[in-house]
Colleague: 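Sharing a structure with you now.
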Amino acid sequence: MANAPVQRMSQLMAKTLRDDPADAEVISHKLLVRAGYVRRTAAGIWTWLPLGKKVLGNVERIVREEMEAIGGQEVLLPALLPREPYDATGRWDEYGPELFRLQDRKGGDYLLGPTHEEIFTLMVKDQATSYKDLPVILYQIQSKYRDEARPRAGVLRGREFLMKDSYSFDLDDEGLARSYALHRKAYQRIFERLGLDYRICAATAGAMGGSKSEEFLAPADAGEDTFADCPNCDFAANTEAVSYELKPVDASGVPAAEDIPTPDTPTIETLAAQLGVPASATLKNLLVKVDGEIVAVGVPGDREVDMDKVEAHFAPATVEMVTEADFAARPDLVRGYVGPQGLDKVTYIADPRVAPGTAWITGANKADTHAKNVVAGRDFEVDAHVDVVVVQEGDPCPKCGTGLKLDRAIEIGHIFQLGRKYADALKLDVLGQNGKPVRVTMGSYGIGVSRAVAALAEQTADDKGLCWPQEVAPADVHVVAAGKALQTELALDVSEKLSAAGLRVLVDDRAGVSPGVKFTDSELIGVPRILVAGRRAGEGVLELKDRRTGEREELTVDEAIARLTA
Ligand code: ATP
Ligand code: MG
């Protein structure tokens with residue numbers, strides 16, 4: 001490979017800024033803008049300046065190398081896509097307001113791809129005819145479009161962002177498991193090479209559909225995901241995906257259910273206080289409407305319902321809260337005193353804590369009255385047990401029972417076993433060995449390439465600025481000419497030599513900029529090693545500084561080259 005030419009800051013299209021952008025909340029947003037890596041073009045839409053593009057390109061290269069290593073073949077599909085395939089899978093409607101929909105001059109409907117399952121499925125349908133054509137892994141690195149509700153946090157959550165998305169196509173479940181395992185390994189290698197601290201967490205499939213799925217989460221305060229981490233075993237899961245086994249208990253000793261007068265107990269707290277029981281002994285029932293039908297959601301009185309989980313359970317149906325009008329239309333639903341034992345024609349879902357045999361104090365479906373000894377499976381039926389409570393720090397680990405820790409994290413990758421959802425919708429078959437058609441099974445796998453840059457910035461920055469790991473840094477060494485002509489001459493000379501030795505060199509050769517400003521900028525920009533031509537330039541002596549540790553040493557030109565190329 002040809003050596004990269006020395007990059008001169010005197011010519012670089014990037015200005016460093018002293019102040020944080022006014023709307024910036026997270027470190028990566030502040031620093032990537034201040035250090036001249038990115039500029040905001042519109043809400044959630046970003047321009048990558050030369051230094052940023054280099055980092056982005058390095059992330060892409062690592063992703064590409066590891067995808068090729070598992071046999072992935074790179075393609076590039078369009079971002080502007082026709083409506084029909086998304087109609088066939090239902091996602092034109094299901095995707096909701098996040099989907100950028102548009103029309104061409106003839107009134108035809110199009111979308112900007114938020115993810116490409118449909119189009120990859122159709123491509124394979126067009127190209128693969130026989131079992132001999134499979135398995136195959138295809139990937140692309142391309143812009144994705146999602147009209148995010150809150151495009152904040154800079155490039156962490158863009159409305160246009162760069163994603164590596166790949167798709168596996170296999171003949172059977174074992175094949176899918178193999179392709180999934182290959183991706184999992186490749187992702188581990190990618191994130192290790194990027195220098196990201198990450199955890200693999202059990203996840204929910206969400207809008208993608210399918211069964212098994214895991215997320216790669218990078219712990220960071222700026223993250224919008226919360227994951228539960230067991231301090232004792234290897235359990236780690238997005239709190240969205242923490243789920244408990246149903247543990248039925250023996251209720252043979254529980255007396256018959258009985259109504260008890262409970263005046264002035266509008267809340268769980270007042271009820272628990274009046275009866276002298278913990279809130280966890282009570283069962284609260286939240287009413288919602290799912291596509292217009294009333295559904296009750298039961299959870300222990302000391303727990304909160306996580307509406308995102310309720311919505312995810314019923315997706316793509318829409319979930320709304322009940323209104324005054326709904327109560328007016330259903331006199332049997334007594335506000336504040338709803339109990340599952342008296343519910344007629346209402347679907348009842350409950351947290352697994354409401355297991356068969358558990359006994360509860362709950363509403364008696366009469367004003368100012370509750371009922372006690374109301375037993376699940378005896379006095380009422382649960383239509384479906386669903387994990388719907390907000391997970392709390394200290395909740396038991398589903399695997400070993402130890403209290404869970406909760407941490408914030410950034411989702412940097414997500415892998416799914418889709419199964420046949422898309423192949424069924426778009427009728428993707430190949431001819432099997434026995435001459436009969438076989439329905440193909442799929443996986444889909446994403447990495448937020450632009451988001452990974454921001455996640456790395458979040459995890460590695462210090463109070464002086466960015467601080468990149470070597471492989472993704474925009475240069476291997478940042479040479480600073482701290483002085484006048486003599487220093488500049490030495491800086492340029494050593495830069496050329498380092499470049500000839502194969503290093504990527506950024507040199508601060510700006511005239512009329514003080515050494516102090518150059519030092520501050522070099523720390524802000526975050527190249528891992530900084531080589532200063534300063535006070536002792538006349539003797540051919542330079543100072544090499546480690547950006548992270550701040551350690552310095554004085555070296556001759558030859559020593560510096562030897563050290564940096566070692
Ligand atoms: P999130 O929960 O953060 O919205 P998602 O679950 O919708 O993400 P996927 O559909 O799994 O995301 O997309 C694959 C990857 O693309 C994610 O793991 C993430 O790294 C990245 N990604 C998703 N949305 C964005 C975005 N708006 N900006 C930047 N990267 C994104
Ligand atoms: Mg995801």
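Start at 1 and go down the list; that is how both ligands and their atoms are numbered. Residue numbers run from 1 in the order of the sequence given.
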Colleague: Tell me which part of R146 gets within contact of ligand 1: side chain, backbone, both or neither, using heavy atoms under 4.0 Å.
Modeller: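 The answer is the side chain of R146.
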
Colleague: Would one find an N or O of G446, backbone or side chain, under 3.5 Å from an N or O of ligand 1?
Modeller: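 No, no N or O pair falls under 3.5 Å.
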
Colleague: Could you tell me whether H414 and ligand 1 have an N or O pair separated by under 3.5 Å?
Modeller: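 Yes; the residue has a nitrogen or oxygen that sits under 3.5 Å from a nitrogen or oxygen of the ligand.
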
Colleague: When you measure from the heavy atoms of T115 to every atom of ligand 1, does any distance fall below 4.0 Å?
Modeller: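 So T115 does not count as touching ligand 1.
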
Colleague: Report yes if some N/O of S450 lies less than 3.5 Å from some N/O of ligand 1; otherwise report no.
Modeller: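 S450 vs ligand 1: no N/O contact under 3.5 Å.
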
Colleague: Is the backbone N or O of V472 less than 3.5 Å from a side-chain atom of R193, with the two atoms forming a donor-acceptor pair by type?
Modeller: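 Not confirmed, R193 side chain does not pair with V472 backbone.
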
Colleague: L156: heavy atom below 4.0 Å from ligand 1, yes or no?
Modeller: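 Heavy atoms of L156 do come under 4.0 Å of ligand 1.
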
Colleague: For the residue pair E320 / T318, report whether a side-chain donor-acceptor contact shorter than 3.5 Å exists.
Modeller: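 No pair is found: no donor N or O on one side chain lies under 3.5 Å from an acceptor on the other.
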
Colleague: Tell me which one of E224, K164, E215, R157 gets a heavy atom nearest to atom 1 (P) of ligand 1.
Modeller: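 Heavy atom nearest to atom 1 (P) of ligand 1 belongs to R157.
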
Colleague: Taking non-hydrogen atoms only, is E411 closer than 4.0 angstrom to ligand 1 via side chain, backbone, both or neither?
Modeller: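 Both backbone and side chain.
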
Colleague: How far apart are the closest heavy atoms of E458 and A220, and which atoms are they?
Modeller: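 Shortest heavy-atom contact: CB-CB, 4.2 Å.
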
Colleague: Between Y198 and E215, does any side-chain donor sit less than 3.5 Å from a side-chain acceptor?
Modeller: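 Their side chains do not contain a donor-acceptor pair, so the 3.5 Å distance test is not met.
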
Colleague: Any chance the side chains of T239 and T226 put a donor and an acceptor closer than 3.5 Å?
Modeller: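 Checked: T239/T226 side chains show no N/O donor-acceptor pair below 3.5 Å.
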
Colleague: Under 6.0 Å from the ring centre and within 45 degrees of the ring axis: does the NZ or CZ of R353 meet both conditions for the six-membered ring of Y244?
Modeller: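 Yes, R353 lies over the aromatic ring of Y244.
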
Colleague: Ignoring hydrogens and angles, state whether a donor on the side chain of Y145 or D147 is under 3.5 Å from an acceptor on the partner side chain.
Modeller: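 Short answer, no.
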
Colleague: Find all atoms of ligand 1 within a distance of less than 4.0 Å from any non-hydrogen atom belonging to E148, and give their numbers and elements.
Modeller: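 Selected atoms, number and element: 24 (N), 26 (C), 27 (N).
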
Colleague: Compute the shortest N/O to N/O distance between G158 and ligand 1 and return yes if it is under 3.5 Å, no if not.
Modeller: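 Min N/O separation from ligand 1 is below 3.5 Å for G158.
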
Colleague: For ligand 1, which part of M163 has a heavy atom less than 4.0 Å away: the side chain, the backbone, both, or neither?
Modeller: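 Under 4.0 Å from ligand 1, M163 contributes side-chain atoms alone.
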
Colleague: Output yes when the distance from some N or O of ligand 1 to some N or O of G448 is under 3.5 Å, and no in every other case.
Modeller: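 Yes, since at least one N or O of G448 sits under 3.5 Å from an N or O of ligand 1.
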
Colleague: In terms of heavy-atom contacts, does CZ of R18 have more than 12 from other residues, nucleotides or ligands at under 6.0 Å?
Modeller: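 Yes - once you tally the heavy atoms of other residues, nucleotides and ligands closer than 6.0 Å, there are more than 12.
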
